[in-house]
Amino acid sequence: MHNQPNERAIMLGQYILEHRTTVRAAAKQFGISKSTVHKDVSERLPYIKPQLAEEVREVLLQNKQERHIRGGLATKQKYARLAAGRK
């Protein structure tokens with residue numbers, strides 16, 4: 001994804017908002033690093049489209065509040081797969 005940084009920031013913001021996704025998932029979808037996604041939506045986007053940036057910030061804040069739950073579920077699934085492999 002070699003778009004201009006401002007265009008990329010808008011595309012990332014819209015994607016995160018539409019899919020209610022995490023920075024990591026957006027980075028994977030667009031084939032760029034997490035730090036690039038984070039920089040685009042937290043630093044560039046507020047100057048380009050402040051309203052979109054605020055909506056994206058709310059999604060990311062919600063993701064941050066829920067990340068311990070997702071981590072716990074991932075660990076639970078990991079050990080369930082390991083247990084199933086032993087049987």
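Numbers for residues simply follow the sequence, beginning at 1.
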Peer 1: Counting N and O atoms only, with roles assigned by atom type, does the side chain of Thr36 sit under 3.5 Å from a partner on the main chain of Ile32, one being a donor and the other an acceptor?
Peer 2: no

Peer 1: Could you walk me through whether Leu45 and Asp40 pass the side chain to side chain contact (heavy atoms under 4.5 Å, CB included) check?
Peer 2: CA-CA 6 Å; Leu45 197 56; Asp40 283 351; over 6 Å; no

Peer 1: How many angstroms lie between OG1 in Thr22 and NZ in Lys64, if you round to the nearest 0.5 Å?
Peer 2: 14.0 Å

Peer 1: So which heavy atom on Lys34 is nearest to which on Val23, and how close?
Peer 2: O-CG1, 3.5 Å

Peer 1: Write down the atom of Ala9, the atom of Ile48, and the distance for their closest heavy-atom approach.
Peer 2: CB-CD1, 4.2 Å

Peer 1: Flag the pair Arg8 / Phe30 as yes when at least one side-chain heavy-atom distance between them is below 4.5 Å, and no otherwise.
Peer 2: no

Peer 1: About how many Å separate NZ of Lys78 and CZ of Arg81, when rounded to the nearest 0.5 Å?
Peer 2: 8.5 Å

Peer 1: Might you point out which heavy atoms bring Lys49 and Ile10 nearest each other, and give the distance in Å?
Peer 2: CE-CD1, 4.2 Å

Peer 1: So, does Asn6 use its side chain to make a donor-acceptor pair with the main chain of Arg44 at under 3.5 Å?
Peer 2: no

Peer 1: Checking side-chain polar atoms at under 3.5 Å, does Glu66 have a donor or acceptor matched by the opposite partner on Gln62?
Peer 2: yes

Peer 1: How far does CD of Gln4 sit from CE of Met11, to the nearest 0.5 angstrom?
Peer 2: 12.5 Å

Peer 1: Identify the two heavy atoms, one from Ile16 and one from Ala26, that lie closest to each other, and give their separation to 0.1 Å.
Peer 2: CG1-CB, 3.9 Å

Peer 1: Considering non-hydrogen atoms only, spot the tightest contact between Thr21 and Asn63 and give its length.
Peer 2: O-ND2, 2.9 Å

Peer 1: About how many Å separate CG of Leu61 and CD of Glu54, when rounded to the nearest 0.5 Å?
Peer 2: 9.5 Å

